[in-house]
Novice: 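Sharing a structure, written as structure tokens. Questions coming.
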Amino acid sequence: VNNHPSTEQCLKIIGNKTKELWQRSVDHEDFLSIRLGVGTMKTKLIINIPKEQFMIEEEDKLFTEMKKIVDESLTIKEVPISYTFTEQSINAIVGTKTLVKEFMDCIFLQMMTFHSYTDLKIVVFTKEPSKWEYLKITPHCWDNQKSIRYFATSVEEFSIISTDLEKIFDARIADSDEVKLEDDGSESGSKKDFDDFRPYYLFFIDDMASVRNVSLINKILRYKRNMG
């Protein structure tokens with residue numbers, strides 16, 4: 001619960017600037033681990049009970065009651081259900097526009113609560129800019145020099161933004177695939193992943209069909225590894 005607080009708690013963290021604010025870095029295990037809601041989940045407990053055997057009626061009732069208690073202890077109710085957005089390089093959120101808007105507002109609030117703008121950049125392409133106007137003023141939607149805002153409402157704007165981002169993507173691919181050949185013929189080094197680079201660029205696109213042919217998006221869709 002402490003690692004995935006509610007939206008109300010996130011607002012308090014931001015308002016009071018508590019120690020939880022911007023505490024997650026790219027190399028942390030809980031980077032982009034976001035609370036999706038509340039539900040029931042299985043525990044990691046392993047409880048061994050004797051196998052049910054032929055018993056007299058009174059003993060059988062005790063065994064049934066014990067099994068019921070064990071079964072109930074293996075699940076926890078009303079706990080935060082989370083998802084880590086780095087597990088897949090591409091994620092889709094489907095639903096009615098109203099529900100998606102409310103859902104994404106909660107997602108963005110958590111992202112901006114726990115991740116600083118030096119670790120996380122949010123790149124927006126939207127056909128409904130009025131819905132996401134608040135993102136334009138956040139530091140997460142700007143490059144570090146505050147010269148480029150990652151907020152586009154047309155394919156032309158998105159293409160301009162993606163030009164520099166494509167160079168970063170290409171450089172990361174080139175850097176991640178460097179494997180040295182040793183004198184004995186063996187290979188050293190390992191392929192890098194998203195947590196080897198900073199910042200992490202998260203694209204939010206509400207009309208994928210419009211930008212599918214943009215060069216950077218094509219590369220991201222084709223490349224299997226998550227390069228951040």
Side-chain angles (χ1 to χ4, degrees), residues 1-44 76-95 99-126 129 131-146 148-152 161 165 168-169 172 176 192-206 220 225-228:
V1 177
N2 292 334
N3 207 37
H4 296 99
S6 64
T7 52
E8 291 78 11
Q9 291 171 306
C10 287
L11 291 172
K12 289 181 180 179
I13 290 172
I14 295 173
N16 298 328
K17 296 182 180 178
T18 63
K19 63 180 181 180
E20 293 84 3
L21 184 67
W22 293 354
Q23 69 173 180
R24 300 180 190 175
S25 298
V26 176
D27 55 351
H28 288 177
E29 288 187 4
D30 58 356
F31 183 74
L32 284 183
S33 179
I34 302 297
R35 173 172 170 158
L36 303 181
V38 176
T40 302
M41 66 183 297
K42 292 182 178 180
T43 69
K44 295 181 179 180
I76 309 176
K77 298 179 180 179
E78 296 296 312
V79 294
I81 304 299
S82 64
Y83 175 73
T84 303
F85 279 83
T86 58
E87 290 182 2
Q88 301 288 335
S89 57
I90 301 171
N91 298 276
I93 297 172
V94 181
L99 289 177
V100 169
K101 173 67 167 64
E102 293 175 356
F103 183 74
M104 287 308 303
D105 284 344
C106 294
I107 297 296
F108 285 136
L109 175 61
Q110 292 179 73
M111 287 181 174
M112 292 184 285
T113 298
F114 298 111
H115 309 86
S116 79
Y117 59 89
T118 58
D119 284 287
L120 176 67
K121 300 295 185 185
I122 300 176
V123 184
V124 180
F125 173 77
T126 177
K131 286 186 175 182
W132 314 105
E133 193 74 19
Y134 67 89
L135 291 173
K136 293 173 69 173
I137 63 173
T138 65
H140 297 76
C141 272
W142 287 88
D143 70 340
N144 290 336
Q145 290 71 42
K146 289 291 183 73
I148 299 175
R149 180 159 56 191
Y150 300 132
F151 194 99
I161 290 173
L165 295 180
I168 295 172
F169 182 81
R172 290 184 179 185
S176 71
K192 295 182 180 179
D193 209 340
F194 74 88
D195 52 359
D196 292 300
F197 302 103
R198 183 176 294 179
Y200 188 98
Y201 292 90
L202 184 138
F203 287 74
F204 171 68
I205 300 171
D206 64 10
I220 293 174
R225 288 185 15 237
N226 183 356
M227 301 310 300

Novice: Do Ser33 and Arg24 have side chains that get closer than 4.5 Å, going by heavy atoms?
Specialist: yes
Novice: May I ask you to check whether over 12 heavy atoms, not counting those of Phe204, lie within 6.0 Å of atom CZ?
Specialist: yes
Novice: Is any side-chain heavy atom of Thr7 closer than 4.5 Å to one of Asp105?
Specialist: no
Novice: Within the supplied structure, the quantity of interest is the number of heavy atoms (other residues, nucleotides, ligands) at a distance under 6.0 Å from Lys12 NZ; does it exceed 12?
Specialist: no
Novice: Got a donor-acceptor contact below 3.5 angstrom from the Asp143 side chain to the Ile148 backbone?
Specialist: yes
Novice: Indicate yes or no: at least one non-hydrogen side-chain atom of Thr138 is less than 4.5 angstrom from one of Phe108.
Specialist: no
Novice: Is there a side chain to side chain contact (heavy atoms under 4.5 Å, CB included) between Phe194 and Arg225? Walk through the geometry before answering.
Specialist: CA-CA 8 Å; Phe194 74 88; Arg225 288 185 15 237; over 6 Å; no
Novice: Which value, rounded to the nearest 0.5 Å, describes the distance between Phe197 atom CZ and Met227 atom CE?
Specialist: 4.0 Å
Novice: Passes side chain to side chain contact (heavy atoms under 4.5 Å, CB included), Asp195 versus Phe31? Steps please.
Specialist: CA-CA 9 Å; Asp195 52 359; Phe31 183 74; over 6 Å; no
Novice: Residues in side-chain hydrogen bond (donor to acceptor under 3.5 Å, both in side chains) with Asp206, at least two apart?
Specialist: Thr126
Novice: Side chains of Asn226 and Tyr200: closer than 4.5 Å at any heavy-atom pair?
Specialist: yes
Novice: For residues Arg149 and Trp142, determine if any side-chain heavy atom of one lies less than 4.5 Å from a side-chain heavy atom of the other.
Specialist: yes
Novice: Under the side-chain contact (heavy atoms from CB on, under 4.5 Å) rule, collect the residues that match up with Leu99, sequence neighbours excluded.
Specialist: Thr96, Glu102
Novice: Tell me if a side-chain donor or acceptor on Lys121 pairs with a main-chain N or O of Cys141 at a distance below 3.5 Å.
Specialist: no
Novice: Looking at Arg172 and Gly228, would you say the former's side chain and the latter's main chain have a donor-acceptor pair under 3.5 Å?
Specialist: yes
Novice: Would you say the side chain of Ser25 lies within less than 4.5 Å of the side chain of Arg198, judging by non-hydrogen atoms?
Specialist: yes
Novice: Closer than 3.5 angstrom, by distance alone: can the side chain of Arg35 be matched with the main-chain N or O of Pro80 as a donor-acceptor pair?
Specialist: no
Novice: Does a side-chain heavy-atom distance below 4.5 Å link Tyr150 with Phe203?
Specialist: no
Novice: I need the minimum non-hydrogen distance between Met104 and Trp132, along with the two atoms involved.
Specialist: CB-CH2, 3.7 Å
Novice: Do we see a donor-acceptor contact under 3.5 Å between the side chains of Gln110 and Thr113?
Specialist: no
Novice: Determine all donor-acceptor pairs shorter than 3.5 Å in which one atom belongs to a side chain in residues 81-93; sequence neighbours excluded.
Specialist:
residue, atom, partner, partner atom, Å
Tyr83, OH, Asn91, OD1, 2.5
Asn91, ND2, Gln88, O, 3.2

Novice: Pick out which of Leu202, Ile122, Leu32 makes a side chain to side chain contact (heavy atoms under 4.5 Å, CB included) with His115.
Specialist: Leu32
Novice: Using side-chain heavy atoms (C-beta onward) and a distance below 4.5 Å, is Ile107 in contact with Leu36?
Specialist: yes
Novice: In Å, rounded to the nearest 0.5 Å, how long is the span from CD of Gln23 to CG of Asp30?
Specialist: 7.0 Å
Novice: Locate the shortest heavy-atom distance separating Leu120 from Pro199; write the atom from each residue and the value.
Specialist: N-CB, 4.2 Å
Novice: Can you tell me if Ser116 uses its side chain to pair, donor with acceptor, with the backbone of Thr118 under 3.5 Å?
Specialist: yes
